Amino acid sequence: MQTRKYSPKLIVHGGAWNIPAAYHAAHLAGVRAAVEQTYPHLLDGGSALDAVEMAVQILESDPTFDAGRGAFLNAIGEVELDAIIMDGRSLDFGAVAALQNILHPVSVARKVMELTEHNLLVGAGALDFARQAGFPELLPEALLTERELEFFQQIKGNPGFRTHHPFKEGPGDTVGAVAMDKDGNLAVATSTGGTARKLPGRVGDCPIVGAGAYADNELGAVSATGWGESIMKVLLSKTVCDTFAEQQAMAAARKGIEILARKVNGLGGVIGINTAGEYAWAHNTPYMAMAYWQVDGVVQASIRNNG
Ligand code: GLY
């Protein structure tokens, strides 16, 4: 029997927030590089699951983004990372939260999915698992950048920073990737350092299935970014995936953001791919850094301005 072959798709984001003009070039270059370096793997017949892990690893390594190296510091000046990866074929997912001293939480999340009977590991237990799985444990300074240290000094006396719409005033640079491979399989990965000045142990939407990410071959796949406390309340990624069944891809993404804003006064963005391989994106923050592979082979990268 001849199986249908799909034209592979890949879309990534580098966060939805009020990205200052001085950071635009680095954001555009970062999301473009993630697509350009990952897409050939999909063209060669690689899996969507490998592609989203690869793209997110590239973004985690880039100090521009609040994920892996370059992540925000929490209220006591430490980096705690969250990540999730989900396979649309089986609905299997793995996630980690409040993980320290590891550059690629997305890959630890994948190992949680593949090597354990669990879905989500947190804190010291997640770090212990990562060590046993062979991930190099870094010194805390290895994930720290000069920019984040300066930012931490600037905001550490500002109690409002973590409590009210941090994404209006300050950064929220989660990264994410959604892919469809030649077999039509969908996958998603999302990774973040969370919000600046968060309480130690705070976990946002990113590693919560249906909130920071969702993938189901029968619905579509979505990665979310933005103010985690609001995104969790409406399970934004699952909401958009469910809406793919009823509306065109872009309309479904806009609907998800409309629900986020109307029901919980939330701020954020989504990227996704529906089962027909159509891209979707929407955000209600001033900017969202994103890039995708167009059918004509051109990589489209943008920091969309909602005006
Ligand atoms: N969306 C990332 C966070 O709130 O942690």
Side-chain angles (χ1 to χ4, degrees), residues 12-19 27 31 56 59-60 64-68 70-75 78-86 95-100 105-106 109 120 122-123 126 143 148 151-152 155 160-178 188-214 222-240 253 256-257 260-261 264-272 281-290:
V12 308
H13 70 75
W17 57 291
N18 195 6
I19 304 170
H27 278 71
V31 290
V56 167
L59 295 164
E60 287 174 337
T64 304
F65 303 105
D66 172 32
F72 293 133
L73 302 180
N74 67 12
E78 292 180 346
V79 170
E80 289 186 329
L81 303 170
D82 304 337
I84 185 169
I85 189 165
M86 185 164 187
V96 290
L99 175 65
Q100 295 192 304
V106 69
L120 171 61
V122 307
L143 299 179
E148 292 315 319
F151 187 55
F152 176 70
I155 65 164
F161 214 84
R162 63 171 174 248
T163 53
H164 181 68
H165 273 178
F167 295 90
K168 212 166 223 165
E169 308 303 331
D173 247 347
T174 299
V175 303
V178 181
V188 62
T190 308
S191 180
T192 189
T195 48
R197 237 186 132 270
K198 63 187 180 182
L199 291 176
R202 176 265 190 192
V203 176
D205 61 298
C206 168
I208 308 299
V209 69
Y214 201 74
V222 170
S223 171
T225 165
W227 183 23
E229 278 72 9
S230 62
I231 291 170
M232 277 192 265
K233 290 176 186 167
V234 297
L235 289 176
L236 183 57
S237 294
K238 178 69 160 76
T239 295
V240 175
I257 295 300
L260 177 74
V264 295
N265 197 20
L267 283 168
V270 287
I271 57 167
W281 63 81
H283 61 109
N284 65 348
T285 48
Y287 298 98
M288 179 166 76
M290 52 167 277

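Below, all heavy atoms of this structure are taken into account, side chains as well, without hydrogens, waters or symmetry copies. What you see is a predicted model; the values in this text were computed from it and never measured. For ligands, and for the atoms within them, numbers begin at 1 and follow the listed sequence. Counting from 1, the numbers follow the sequence of the chain as shown.
- Remark: K198 does not engage E229 in a salt bridge, criterion side-chain N to carboxylate O under 4.0 Å.
- Scanning R202, E229, M232, K198 for the heavy atom closest to atom 5 (O) of ligand 1 points to R202.
- Of the listed options V175, T195, D205, D205 places a heavy atom closest to atom 3 (C) of ligand 1.
- Not a single N or O atom of C206, backbone or side chain, sits closer than 3.5 Å to an N or O atom of ligand 1.
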Show your reasoning for whether side-chain contact (heavy atoms from CB on, under 4.5 Å) applies to V270 and W281.
CA-CA 5 Å; V270 287; W281 63 81; 5.9 Å; no
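- Annotation: side chain to side chain donor-acceptor pair (under 3.5 Å) contacts of S237 (sequence neighbours excluded): none.
- Remark: ligand 1 and G226 share an N or O pair separated by less than 3.5 Å (distance only, no angle test).
- Near G204, meaning under 4.0 Å from any of its heavy atoms, are these atoms of ligand 1: 5 (O).
- Residues V175 and F65 share a closest heavy-atom pair of CG1-CB, 3.5 Å.
- Each of the atoms 1 (N), 2 (C) of ligand 1 lies under 4.0 Å from some heavy atom of T174.
- Scanning for side-chain contact (heavy atoms from CB on, under 4.5 Å) contacts around V209 gives I84, M86, F93, Y214, with sequence neighbours left out.
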